[in-house]
J.: 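Submitted below is the structure of interest, expressed as structure tokens.
Below, each value reflects all heavy atoms present in this structure, side chains not excepted, and no hydrogens, waters or symmetry copies. Bear in mind the structure is a predicted one, so any value in this text is a computation, not a measurement. To find a chain, count down the sequence lines: A is the first, B the second, and so on, and within it residues start at 1.
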There are 2 protein chains.
Amino acid sequence: MGLQQPRTRIQQKNRETILAAALEVFAQHGFRGATLDMIATEAGLSKPNVLYYFPSKEAIHVTLLSQLMDTWLDPLRDLDAGGDPITELRVYVRRKLDLSRDYPRQSRLFANEIIQGAPRMQSALATDLKALVDEKSAIIAGWAKAGRIADVDPHHLIFSIWALTQHYADFEVQIRAVLGDGRDPLAEAESFLDMLFSRLLAP
Amino acid sequence: MGLQQPRTRIQQKNRETILAAALEVFAQHGFRGATLDMIATEAGLSKPNVLYYFPSKEAIHVTLLSQLMDTWLDPLRDLDAGGDPITELRVYVRRKLDLSRDYPRQSRLFANEIIQGAPRMQSALATDLKALVDEKSAIIAGWAKAGRIADVDPHHLIFSIWALTQHYADFEVQIRAVLGDGRDPLAEAESFLDMLFSRLLAP
DNA sequence: TTGGTTTTTGACCATTTGGTCAATCGGACG
DNA sequence: CGTCCGATTGACCAAATGGTCAAAAACCAA
């Protein structure tokens with residue numbers, strides 16, 4: 001039964017429930033480590049019922065990944081050539097860090113996929129993602145050439161923003177272990193990264 | 001058969017062969033995604049033969065992880081309170097980046113483990129790793145207080161070094177997809193990170 | 001060569017897991 | 001109330017997988 005778009009209220013609800021459960025399970029165990037039983041239990045449904053709403057385990061995974069790319073790239077899409085360069089980039093960093101705080105599971109799902117060679121995203125990376133990054137890199141390069149920010153390589157600037165913000169979601173366990181209790185990693189990260197990029201970008 | 005330490009030449013060699021194969025397979029597929037058959041094939045041995053040298057799949061994984069922690073923390077151990085602060089930290093960044101270049105599989109193995117909650121490393125993180133980071137953070141804090149480097153949070157400085165260097169190994173697929181062919185990500189990263197930390201740390 | 005030890009493997013096993021299916025359930029509508 | 005269609009599930013299956021074991025092969029010292 002191909003449920004391209006939900007027709008009934010209950011389909012809508014159950015598909016969402018399954019996706020939320022699958023996100024939790026995939027993020028924690030990776031694609032192979034996750035089982036349909038785990039997802040079904042987490043969703044409060046039976047395994048055959050889960051497969052009534054999605055044709056396969058892989059279909060659930062693919063659905064999650066495509067949803068992810070969309071919201072994940074929003075902050076970069078909003079980088080505005082007409083805005084103040086430093087402000088634009090600072091806002092981008094902050095919004096990216098907000099994503100790490102509010103959606104750590106999505107971040108880990110994505111990280112799992114990329115680390116293992118992005119077997120289900122290769123094309124999306126080389127086309128959509130590359131196009132967007134190239135476009136925004138041109139904007140940043142323009143700012144640099146105009147002397148409005150320091151002369152940094154735009155691609156690596158973007159990579160550094162990704163690396164630094166996602167690190168706080170993906171490696172949360174390590175960070176908490178090292179910092180010990182009683183500290184708020186994400187809050188500290190916000191001011192640290194603000195300072196870091198201020199110093200890096202100042203003309 | 002518990003082969004705590006190899007007694008014969010052939011044991012030594014086969015254990016190393018298996019660990020090398022397992023590193024490749026675990027890094028690419030994660031613990032659950034890797035199968036003993038994959039490891040055996042990669043090692044050029046039969047599955048029962050692999051289990052002759054290691055008691056279980058998990059034992060292979062644990063062996064790799066403990067080996068990893070050791071070499072992985074060496075550069076941080078060498079951070080010398082008596083050296084020139086900027087130089088010491090620059091060397092640390094460069095050596096960490098060298099590890100990403102030379103041992104990307106180890107980096108991904110570690111990343112896989114941490115992202116999934118470090119089920120087999122929790123204790124090592126909270127004890128050994130925390131102790132080392134706290135010790136070196138104290139040194140960095142001393143440099144900052146003496147005005148020899150900028151006033152940065154030492155823990156987050158170390159996190160940022162980890163994030164930025166390991167990103168080039170763990171997310172290599174993404175970076176290559178975005179940069180396209182004909183560029184050398186690691187070479188570019190070296191100069192980019194050198195500049196980034198120069199600006200960040202200058203008093 | 002021989003006897004004993006180490007190494008290797010084919011056959012096998014129990015469990016897990018993704019997925020199927022016929023049968024049942026349940027609610028909305030006439 | 002009865003019918004129909006979407007929703008749910010217990011039972012089941014085939015393949016994959018971690019691991020075992022007895023026997024064969026390779027090796028080595030005397």
J.: How does each nucleotide of nucleotides 24-30 of chain D score, in 5' to 3' order, for protein heavy atoms under 4.0 Å: base (B), sugar-phosphate only (S), or none (-)?
T.: -------
J.: Suppose we screen for side chain to side chain contact (heavy atoms under 4.5 Å, CB included). Which residues come up paired with Asp184(B), at least two apart in sequence or across chains?
T.: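 Result, side chain to side chain contact (heavy atoms under 4.5 Å, CB included) vs Asp184(B): Leu186(B), Ala187(B).
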J.: Is the charged tip of Arg120(B) near the ring of Phe31(B): under 6.0 Å from the six-membered ring centre and within 45° of its axis?
T.: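 Satisfied, under 6.0 Å and within 45°.
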J.: Would Tyr168(B) and His156(A) count as a close aromatic pair, with their ring centres under 6.0 Å?
T.: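 Ring centres of His156(A) and Tyr168(B) closer than 6.0 Å.
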J.: Without swapping roles, check the side chain of Arg77(A) against the backbone of Asp70(A) for a donor-acceptor pair under 3.5 Å.
T.: yes
J.: Taking the side chain as C-beta and beyond, is there a heavy-atom pair between Leu19(B) and Phe54(B) under 4.5 Å?
T.: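 Yes, their side chains come closer than 4.5 Å.
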J.: Counting C-beta onward and ignoring hydrogens, is there a side-chain heavy-atom pair between Lys57(A) and Thr35(A) closer than 4.5 Å?
T.: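 Sidechains of Thr35(A) and Lys57(A): no contact.
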J.: Could you report the tightest heavy-atom contact between Gly82(B) and Asp80(B), atom names first, then the distance?
T.: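 In this case the closest contact between Gly82(B) and Asp80(B) is N-OD1, 2.9 Å.
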J.: What is the distance from NZ of Lys13(A) to C1' of dT8(D), rounded to the nearest Å?
T.: 13 Å
J.: On the nucleotide dT8(D), are OP1 or OP2 found under 4.0 Å from the side-chain N or O atoms that Tyr52(A) carries?
T.: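 For dT8(D), OP1/OP2 do not have a side-chain N/O of Tyr52(A) under 4.0 Å.
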J.: OH of Tyr53(A) versus P of dG6(D): gap in Å, rounded?
T.: 12 Å
J.: I'd like a table of atom pairs between the protein and nucleotides 13-22 of chain C - only N or O on both sides, under 3.5 Å - with the distance next to each one.
T.:
{"from": "dT17(C)", "atom 1": "OP1", "to": "Arg32(B)", "atom 2": "NH2", "distance (Å)": "3.0"}
{"from": "dG18(C)", "atom 1": "OP1", "to": "Ala34(A)", "atom 2": "O", "distance (Å)": "3.2"}
{"from": "dG18(C)", "atom 1": "OP1", "to": "Lys57(A)", "atom 2": "NZ", "distance (Å)": "2.9"}
{"from": "dG18(C)", "atom 1": "OP2", "to": "Leu36(A)", "atom 2": "N", "distance (Å)": "2.8"}
{"from": "dG18(C)", "atom 1": "N7", "to": "Lys47(A)", "atom 2": "NZ", "distance (Å)": "3.0"}
{"from": "dG19(C)", "atom 1": "OP2", "to": "Lys57(A)", "atom 2": "N", "distance (Å)": "2.8"}
{"from": "dG19(C)", "atom 1": "O6", "to": "Lys47(A)", "atom 2": "NZ", "distance (Å)": "3.2"}

J.: Please tabulate, for side-chain N and O atoms in residues 102-111 of chain A, each donor-acceptor pair with protein atoms closer than 3.5 Å (sequence neighbours left out).
T.:
{"from": "Arg105(A)", "atom 1": "NE", "to": "Glu24(A)", "atom 2": "OE1", "distance (Å)": "3.4"}
{"from": "Ser107(A)", "atom 1": "OG", "to": "Asp170(A)", "atom 2": "OD1", "distance (Å)": "2.7"}
{"from": "Arg108(A)", "atom 1": "NH1", "to": "Ala169(A)", "atom 2": "O", "distance (Å)": "2.7"}

J.: When you measure from the side-chain N and O atoms of Asn14(B) to the phosphate of dT6(C), is any distance below 4.0 Å, counting only OP1 and OP2?
T.: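 Answer is no, no contact under 4.0 Å.
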J.: To check you understand the geometry: which heavy-atom pair defines the closest contact between Leu201(B) and Leu157(B), and what is its length?
T.: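 Looking at all heavy atoms of both residues, the closest pair is CD2-CD2, 4.0 Å.
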J.: May I ask you to evaluate whether Gln11(B) reaches the phosphate of dT6(C), defined as a side-chain N or O under 4.0 Å from OP1 or OP2?
T.: no
J.: Please determine if a side-chain N or O atom of Asn49(A) lies less than 4.0 Å away from the OP1 or OP2 oxygen of dT9(D).
T.: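 Answer is yes, contact under 4.0 Å.
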J.: Do nucleotides 25-30 of chain C as a string where each nucleotide becomes B, S or -: B if the base has a protein heavy atom under 4.0 Å, S if just the sugar-phosphate does, - if no protein is that close.
T.: ------
J.: Verify the distance criterion only: is there a donor paired with an acceptor across the side chains of His29(B) and Asn112(B) at less than 3.5 Å?
T.: no
J.: Output all residues satisfying side chain to side chain contact (heavy atoms under 4.5 Å, CB included) with Ala118(A), sequence neighbours left out; order by chain, then residue number.
T.: Ile114(A), Met121(A), Leu125(A), Val173(B)
